[in-house]
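Below is one structure, written out as structure tokens, with a few remarks after it.
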Amino acid sequence: MLVSPRSVVPPQSSPFFSSSSFNRNPRRFRPEFLARFLSARCCSTSASSPGENATPRSNYAGTRLDETVETGSGKLRLDSWISTRISGISRARVQSSIKTGLVSVNGKVVDKASYNVRGGDEIRCTISELQPLRAQPENIPLDIVYEDEHVLVVNKPADMVVHPAPGNPTGTLVNGILHHCSLPGLASSNQEIITDLEDLSDDEDLASSSNAASIRPGIVHRLDKGTSGLLVVAKDEHSHAHLSEQFKQRTIRRVYLSLTAGVPSPVSGRVDVPIGRDVHNRIRMAAITGPMARGKARHAASRYKVIDTLAGGGSALVEWKLETGRTHQIRAHAKYIGCPLLGDEVYGATRSMALSLLQPKLSPSYHGRLLELLSELDRPCLHAFSLGFNHPRTGKEIHFSCPPPPDFEKMLIQLRKMSTETKKVMTAS
């Protein structure tokens with residue numbers, strides 16, 4: 001069976017990682033590390049030049065930069081140039097400082113991160129304070145797969161939202177992390193918890209609103225509420241910037257598993273179709289082709305492979321590897337190739353649609369059981385199965401995997417069983 005027990009897998013080429021390096025219940029880190037990332041207000045300091053071997057700080061509030069752009073540098077974005085001049089800072093943090101009017105070019109305040117600087121421009125910048133955190137710590141059980149001083153890898157359940165937002169103010173992963181790390185919440189208007197303004201990574205297209213962006217301690221990427229599986233959290237700003245850059249460069253190694261309504265044809269392939277907001281349904285994304293994609297969709301590419309054909313060809317266990325990380329990317333691409341995820345009614349896999357595909361492939365004796373299984377399914381059958389990245393401090397490659405939760409596995413086992421039994425009946429007859 002594809003779904004193996006939870007594992008933390010060191011790469012074959014890295015003998016540095018022994019089984020003892022990543023035990024299931026590592027020691028709790030000292031909470032002051034993340035506390036400093038979330039709440040410390042450091043004194044004003046001068047920015048270190050990129051050539052200096054300065055130790056990356058946990059918080060950059062008050063850091064000042066006063067430099068002239070080198071002649072011959074060509075045309076560069078303001079946020080990109082500043083990011084290269086302050087070691088370890090995230091580009092999102094720089095963008096926040098620009099938007100709040102803390103950056104000037106040749107003595108004139110510039111509030112557009114995309115402003116193009118040229119050789120000879122005099123840049124003055126002060127890094128802004130981190131934005132107030134609007135979340136309370138909550139004693140929520142977390143399935144911690146790995147933890148050290150710098151990163152946390154969590155196995156998110158399917159019914160958990162990653163960060164507070166309108167409609168989901170409590171019970172989120174962020175609330176649980178605050179409690180796990182022994183950090184206080186927002187007690188009053190005079191007591192602020194601080195976190196980074198927004199994430200550089202566009203993995204799963206993190207919300208850009210100031211409310212949603214101000215309440216994610218170290219969240220580098222996210223999973224939809226209905227998606228289960230592995231997610232990495234940064235515990236300090238250096239780790240956050242380092243992991244965000246890996247997402248931006250698309251070097252994070254992610255594998256998802258899904259159960260589809262129908263079997264993709266061909267059984268493996270690459271879907272390279274832009275994704276944008278569905279003009280007919282604002283809560284849904286869509287794969288958009290042709291001229292319509294221009295200005296309305298973003299590049300998105302997914303690779304898929306059928307691991308197992310289920311229910312006599314009415315369903316499949318499919319592996320997905322993401323080259324980009326757009327909102328609902330797998331769900332939209334699965335719909336585009338004609339095989340939406342089981343349980344994903346938003347993207348077309350309604351109960352009646354799934355039944356129409358599955359029932360003709362199975363013995364009538366299983367039709368009632370099939371209806372019962374589909375009725376119990378209350379989320380898309382999608383699981384973030386494995387996650388690999390270079391550790392932001394050591395630079396070593398680490399890899400984690402975790403089997404799907406019971407609802408996914410139950411559906412997989414039952415569809416396999418129905419398929420096997422149907423074959424026996426057809427063979428006997």
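Positions are given from 1 along the sequence. Atoms considered below: every heavy atom in the structure, side chains included; atoms not considered: hydrogens, waters and symmetry mates.
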Output for pair (Leu412 CG, Leu342 CG), nearest 0.5 Å, gives 10.5 Å
(message) Before we go on, tell me: are the rings of His221 and Phe247 under 6.0 Å apart, centre to centre?
(response) yes
When you compare the side chain of Val233 with that of Ile219, does any pair of heavy atoms fall below 4.5 Å?
yes
Practice prompt. Would you please say whether a donor-acceptor pair under 3.5 Å links the side chains of Thr324 and Gln329?
Written response: yes
Residues passing the ring pair (Phe, Tyr, Trp, His ring centres under 6.0 Å) test with His299, sequence neighbours excluded, are none
- Message: What I want to find out is whether Arg303 reaches Glu319 closely enough, with some N-O distance under 4.0 Å, to be called a salt bridge.
- Response: no
Review point. Which is it for His328 and Tyr347 under the side chain to side chain donor-acceptor pair (under 3.5 Å) test, yes or no, and what are the steps along the way?
Key: CA-CA 10 Å; His328 297 182; Tyr347 284 86; 2.7 Å; yes
| field | Pair Ser258-Thr260, side chain to side chain donor-acceptor pair (under 3.5 Å): steps then yes or no | value | CA-CA 6 Å; Ser258 72; Thr260 58; 5.6 Å; no
Residue pairs meeting side-chain hydrogen bond (donor to acceptor under 3.5 Å, both in side chains), one or both in residues 112-123, sequence neighbours left out, come to Asn106-Asp121
With Arg379 as partner, the option from Asp407, Asp224, Asp159 fulfilling salt bridge (charged side-chain N to carboxylate O under 4.0 Å, His left out) is Asp407
Residues pairing under salt bridge (charged side-chain N to carboxylate O under 4.0 Å, His left out) where one sits in residues 334-350, two or more places apart or in two chains, turn out to be Arg331-Asp344
So do Val232 and Leu243 actually touch side chain to side chain, heavy atoms under 4.5 Å? yes
Where do His180 and Glu147 land on the side chain to side chain donor-acceptor pair (under 3.5 Å) test, with the steps shown first?
CA-CA 11 Å; His180 176 75; Glu147 181 174 14; 3.0 Å; yes
Quiz prompt | Distance flag, aromatic centroids of Phe400 and Tyr146, threshold under 6.0 Å | solution = yes
Does the distance from a Lys or Arg side-chain N to an Asp or Glu carboxylate O, for Arg93 and Glu237, drop under 4.0 Å?
yes
Distance col, row Leu373:CG vs Leu358:CG, nearest 0.5 angstrom, shows 10.0 Å
When rounded to the nearest 0.5 Å, the distance separating OG1 of Thr172 from CD1 of Ile140 is 6.0 Å
Residues passing the side-chain hydrogen bond (donor to acceptor under 3.5 Å, both in side chains) test with Gln414, sequence neighbours excluded, are none
The side-chain hydrogen bond (donor to acceptor under 3.5 Å, both in side chains) partners of Asn390 (sequence neighbours excluded) come to none
Are Glu149 and Arg393 within salt-bridge range, i.e. N to O under 4.0 Å? no
Trp81 meets the ring pair (Phe, Tyr, Trp, His ring centres under 6.0 Å) criterion, sequence neighbours left out, with none
Interatomic distance, OG1@Thr327 vs CZ@Arg284, rounded to 0.5 Å, equals 14.5 Å
Non-hydrogen side-chain atoms of Leu377 and Met411 separated by less than 4.5 Å
yes
Self-check item: Salt-bridge present (Glu397, Arg253; N to O < 4.0 Å)
Solution: yes
Using side-chain heavy atoms (C-beta onward) and a distance below 4.5 Å, is Pro392 in contact with Val151? yes
Aromatic contact, His399 with Phe389 (centres under 6.0 Å)
no
